[in-house]
Amino acid sequence: MLQGFLDFISDSANWAGAEGIGNRILQHLGYTFLSLAIAALIALPIGLLIGHTRRGAFLAINTGNAARALPTLGLLTLIVLLIGIGRVPVIIALVVLGIPPIMASTYAGVSGVDRSTIDAARGMGMTGREILTKVEIPIALPLIISGLRSATLQIVSTATVAAYVALGGLGRYVIDGLSLRDFPQMLTGAVLVAVLAILLDLVFAAIARYAVSAGLTGRVRRNTDTKTSTAPAPAGV
């Protein structure tokens with residue numbers, strides 16, 4: 001099996017053309033990023049609103065949890081039966097999958113900001129919009145990025161369902177390999193999806209490292225401690 005996988009992925013013929021590995025990866029990333037962008041456009045404003053106002057959280061969070069319980073393949077089948085085969089049913093199913101983690105993390109991050117910090121900002125004369133954009137969002141950014149990261153992993157792992165409705169992506173290797181009993185091809189599809197998920201997770205880890213304030217991550221304190229410990233001791237001490 002392993003040798004068959006190595007033979008399949010090292011064959012240059014399997015990388016070329018519309019059905020090659022390179023094009024399948026681009027299709028898979030296309031489904032992933034389009035679905036993630038739509039899910040973020042829907043979930044981020046809702047999460048910010050309910051986190052900032054503390055209103056409607058019960059309804060929004062429970063609706064999100066209910067969406068999590070929906071089986072993606074079953075939802076995809078239902079949408080296909082309602083509107084037909086195409087990219088739209090796949091994107092809708094993946095968007096439904098991506099909304100709950102983004103909305104829940106955004107809400108938790110914004111609502112978890114210390115009330116004394118908000119009161120201090122309000123005491124300085126900041127408006128509600130300024131408190132949200134200059135205080136709550138920067139402090140909640142680690143959790144917001146964590147939600148985007150979680151949604152990305154779920155979407156990229158589930159985008160293989162596109163192959164069930166005759167679309168492309170890396171799921172084609174799994175579906176075609178299963179129908180042909182070509183197990184090395186199936187293993188290739190599974191491994192490529194796993195590698196893609198790991199790479200995207202590393203990208204979000206890098207984004208979180210450089211987008212989040214150093215004061216929130218503790219890097220400033222560690223740097224200060226390091227400089228203090230390496231400074232020369234005063235004379236006579």
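A quick note: this is a predicted structure, and the numbers were derived from the prediction, not measured.
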Checklist line | Distance-minimising heavy-atom pair for G98 and A39 | finding: C-CB, 3.9 Å
Notebook entry, point to check: Can you get from F8 to L6 by hopping between Ile, Leu, Val, Met, Phe, Trp and Tyr side chains that sit under 4.5 Å apart?
Noted result: yes
Check: Does any non-hydrogen side-chain atom of I21 lie less than 4.5 Å from one of Y173?
Finding: yes
Check: Do you know which two heavy atoms are closest between A121 and V135, and how far apart they sit?
Finding: CB-CG2, 3.9 Å
Margin query: Give me the atom names and distance for the closest heavy-atom approach of I91 to L34.
Written below: CD1-CD2, 3.9 Å
Item checked: All salt bridge (Lys or Arg N to Asp or Glu O under 4.0 Å) counterparts of D176, not counting sequence neighbours -> R172
Notebook entry, point to check: Is a side-chain N or O of N14 found less than 3.5 angstrom from the main chain of I9, in a donor-acceptor match?
Noted result: no
Checklist line | Reported CD1-to-CD1 distance for the pair I46 and I42, which is rounded to 0.5 angstrom | finding: 7.0 Å
Next item on the list: Name all residues meeting the salt bridge (Lys or Arg N to Asp or Glu O under 4.0 Å) criterion together with D201; count only those two or more places apart in sequence or in a different chain, and write none if there are none.
Entry: R149
Note to self: Does atom CD (E130) have a neighbourhood of more than 12 heavy atoms from anything else shown, all under 6.0 Å?
What the structure shows: yes
Item checked: Pairwise side-chain contact, Q185 with F5, heavy-atom cut-off 4.5 Å (strictly under) -> no
Checklist line | Same cluster (ILVMFWY, side-chain, under 4.5 Å), L202 and V156 | finding: no
Notebook entry, point to check: Nearest 0.5 Å, what's the OG1-CZ distance between T152 and F204?
Noted result: 3.5 Å
Check: So, do M186 and D182 sit near enough that their side-chain heavy atoms are less than 4.5 Å apart?
Finding: no
Notebook entry, point to check: With side chains defined as the heavy atoms from C-beta onward, is the minimum distance between L36 and I102 less than 4.5 Å?
Noted result: yes
Please output the side-chain donor-acceptor pairs of residues 157-167 that fall under 3.5 Å, not counting sequence neighbours, one pair per line with the distance.
unit_1: S157; atom_1: OG; unit_2: L153; atom_2: O; d: 2.7
unit_1: T158; atom_1: OG1; unit_2: Q154; atom_2: O; d: 2.6

Margin query: Test of understanding: with side-chain contact (heavy atoms from CB on, under 4.5 Å), list the residues that count as partners of R181, not counting sequence neighbours.
Written below: F183
Checklist line | Neighbour count above 12 (heavy atom, 6.0 Å) for R129 CZ | finding: no
Checklist line | CZ-CG distance between R24 and L170, expressed to the nearest 0.5 angstrom | finding: 9.0 Å
Note to self: When you measure from the side chain of S150 to the backbone of S146, do you find a donor-acceptor pair of N or O atoms at a distance under 3.5 Å?
What the structure shows: no
Item checked: Contacts of R122 that satisfy salt bridge (Lys or Arg N to Asp or Glu O under 4.0 Å) - sequence neighbours left out -> D119
Check: Rounded to the nearest 0.5 Å, how far does CD1 of I131 lie from CD1 of I137?
Finding: 12.0 Å
Note to self: Can you confirm whether L49 sits close enough to Y107 that some side-chain heavy atom of one is under 4.5 Å from a side-chain heavy atom of the other?
What the structure shows: no
Checklist line | V110 versus G51, closest heavy-atom pair with distance | finding: CG1-C, 3.5 Å
Next item on the list: Under the side-chain contact (heavy atoms from CB on, under 4.5 Å) rule, collect the residues that match up with L29, sequence neighbours excluded.
Entry: I25, F33, L196, L200
Check: Among the clusters formed by ILVMFWY side chains lying less than 4.5 Å apart, do V203 and I155 turn up in the same one?
Finding: yes
Next item on the list: Consider only side-chain heavy atoms of I, L, V, M, F, W and Y, link residues closer than 4.5 Å, and tell whether I207 and I144 are in one cluster.
Entry: yes
Next item on the list: For residues G147 and S105, report the shortest heavy-atom separation together with the two atoms involved.
Entry: CA-OG, 3.4 Å
Check: Does V195 share a hydrophobic cluster with W15, counting links as ILVMFWY side-chain heavy atoms below 4.5 Å and allowing steps through other members?
Finding: yes
Checklist line | E19 vs N23, side chain to side chain donor-acceptor pair (under 3.5 Å): CA-CA, chis, key distance, verdict | finding: CA-CA 6 Å; E19 298 183 357; N23 192 49; over 6 Å; no
Checklist line | Minimal non-hydrogen separation, G47 against T106, with atom names | finding: C-CG2, 3.7 Å
Check: Is the backbone N or O of L132 less than 3.5 Å from a side-chain atom of H52, with the two atoms forming a donor-acceptor pair by type?
Finding: no
Next item on the list: Find out whether L178 and V174 are in side-chain contact, i.e. whether some heavy atom of one side chain is under 4.5 Å from a heavy atom of the other.
Entry: no
